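Since this is a predicted model, take the numbers as computed values, not measurements.
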Amino acid sequence: GLLSNRITCITQDKLGYLWFGSNKGLTRFDGSDFKNFTKKNGISANYISALASNNDSLFIGSPNSFSIRRNNSFKFIENKKIFCVSPIKKMVFIGTDKGIYRLSEGFLAPLRTNFQIDLNQVNDIQFDGKNYWIATNKALWKIDYLRNPKSINRIETGNFTSILLLKDKTIASTLNSGIKIVHHKK
């Protein structure tokens, strides 16, 4: 079964496996059997804070590291405090306690977006096809480019934790203030 009842994140890979991150490690579920992974099996940390799947890779974030599972093995990338992993447009963006990083040839490269984003904890990054939505511990942002944005719009201040993009609106959750619904202009 699961390593822990405290599940911190979940994703599904292209093969259909469900992956669960917890405070005690990583679990893969194939529809009938569970397979557990801990530091003893090669993951860089037992507490998993973020998971994402893209093509043949599973991206794993923890409060002190980032690693990738590819070809049935784990590869440690870098020591960073990871809050989210977002594969967008053939790139992988990582939200940390010090802004946004991009996975680039086996290491994490910092993106200089805007000092108000770069100096804060990034909890979620989503792309609606035109703009990036960024949830930080200080505000909800909508920007046109992650690097050198021309349009930077702070939607609202607060500790935003996650973002859900829908066709006509964006829903963002907060740590202590419920949800914020932003209706898209037509």
Side-chain angles (χ1 to χ4, degrees), residues 8-11 21 44-45 47-55 57-68 75-186:
T8 54
C9 46
I10 183 172
T11 193
S44 58
Y47 191 101
I48 309 298
S49 58
L51 284 174
S53 176
N54 192 19
N55 298 323
S57 300
L58 180 69
F59 304 102
I60 306 157
S62 82
N64 57 12
S65 65
F66 180 74
S67 55
I68 300 173
K75 180 181 178 191
F76 170 78
I77 302 297
E78 204 164 322
N79 285 325
K80 294 276 182 236
K81 193 170 191 174
I82 309 297
F83 290 93
C84 72
V85 180
S86 300
I88 300 170
K89 294 173 33 174
K90 298 185 181 182
M91 289 189 263
V92 179
F93 299 103
I94 295 98
T96 74
D97 61 336
K98 292 182 175 50
I100 301 170
Y101 285 72
R102 180 175 62 94
L103 180 63
S104 176
E105 299 180 26
F107 70 96
L108 299 183
L111 290 181
R112 296 296 165 239
T113 302
N114 170 288
F115 77 94
Q116 293 179 334
I117 295 170
D118 298 342
L119 299 176
N120 288 299
Q121 175 180 309
V122 175
N123 296 316
D124 200 3
I125 306 163
Q126 298 291 328
F127 183 67
D128 66 11
K130 186 173 166 187
N131 293 290
Y132 293 89
W133 292 79
I134 302 167
T136 74
N137 62 329
K138 301 291 183 189
L140 176 66
W141 299 87
K142 179 181 173 184
I143 63 175
D144 56 356
Y145 300 103
L146 287 178
R147 186 180 303 165
N148 302 320
K150 292 173 182 54
S151 170
I152 302 170
N153 186 6
R154 184 174 63 201
I155 304 298
E156 188 168 314
T157 59
N159 189 344
F160 285 87
T161 55
S162 65
I163 301 166
L164 175 64
L165 298 175
L166 301 173
K167 189 165 94 172
D168 61 343
K169 62 184 148 262
T170 297
I171 302 173
S173 62
T174 68
L175 190 62
N176 294 311
S177 302
I179 61 170
K180 168 76 177 169
I181 300 173
V182 180
H183 294 276
H184 300 175
K185 294 176 182 161
K186 294 183 182 184

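How far OG of Ser44 is from NZ of Lys75: 13.0 Å, rounded to the nearest 0.5 Å. Rounded to the nearest 0.5 Å, atoms CG (Leu108) and CD1 (Ile82) are 6.0 Å apart. Rounding to the nearest 0.5 angstrom, the gap separating the CZ atom in Phe66 from the CG atom in Asn79 is 12.5 Å. Summarising the geometry, atom CD belonging to Glu78 is positioned 12.0 Å from atom OG belonging to Ser67; distances are rounded to the nearest 0.5 Å. Here CG of Leu175 is found 4.5 Å from CG of Asn159. Values are rounded to the nearest 0.5 Å. A distance of 11.5 Å separates CZ in Phe127 from CD1 in Ile134, rounded to the nearest 0.5 Å.
Side-chain polar atoms of Asn55 and Ser57 form no donor-acceptor pair below 3.5 angstrom. Judged purely by distance below 3.5 Å, without hydrogens or angles, the side chains of Ser162 and Ser173 pair a donor atom with an acceptor atom.
Across Asp118 and Arg112, no two heavy atoms sit closer than the pair OD2-CA, 3.4 Å. Contact detail for Gln121 and Asn123: the closest heavy-atom pair is NE2-OD1, 2.7 Å. For the pair Leu58 and Ser53, the tightest heavy-atom approach, listed with the atom from each and the gap, is CD1-CB, 4.4 Å. Residues Ile171 and Ile181 approach most closely at CG1-CG1, 4.2 Å, considering heavy atoms. Counting all heavy atoms, side chain and backbone alike, Cys9 lies closest to Ser49 at SG-C, 3.9 Å.
Of the listed residues (Asn131, Thr170, Asp168), just one forms a side-chain hydrogen bond (donor to acceptor under 3.5 Å, both in side chains) with His184, and that residue is Thr170.
Counting heavy atoms from C-beta outward, Ile88 and Tyr132 have side chains that approach closer than 4.5 Å. Contact annotation: the side chain of Ile94 never approaches that of Phe59 to less than 4.5 Å [non-hydrogen atoms, C-beta and beyond]. Side-chain contact check for Leu51 versus Ile60: some heavy-atom pair is nearer than 4.5 Å.
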Anything under 3.5 Å between a donor and an acceptor, one on a side chain of residues 138-153, the other on a protein residue two or more places apart or in another chain? List them.
unit_1	atom_1	unit_2	atom_2	d
Asp144	OD1	Lys150	N	2.9
Asp144	OD1	Ser151	N	3.1
Asp144	OD2	Lys150	N	3.4
Asp144	OD2	Ser151	N	3.1

After noting the C-alpha distance and the side-chain angles of Leu111 and Phe93, does the key distance pass the side chain to side chain contact (heavy atoms under 4.5 Å, CB included) rule?
CA-CA 9 Å; Leu111 290 181; Phe93 299 103; 3.7 Å; yes
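In this structure Thr174 satisfies the side-chain hydrogen bond (donor to acceptor under 3.5 Å, both in side chains) test with no other residue, sequence neighbours excluded. Under the rule for a side-chain hydrogen bond (donor to acceptor under 3.5 Å, both in side chains), the partners of Asp128 that lie at least two apart in sequence or sit in another chain are Trp133.
Between the side chain of Asp124 and the backbone N or O of Ala135, no donor-acceptor pair lies under 3.5 Å. For the pair Thr8 (side chain) and Ile48 (backbone), a donor-acceptor distance under 3.5 Å is present.
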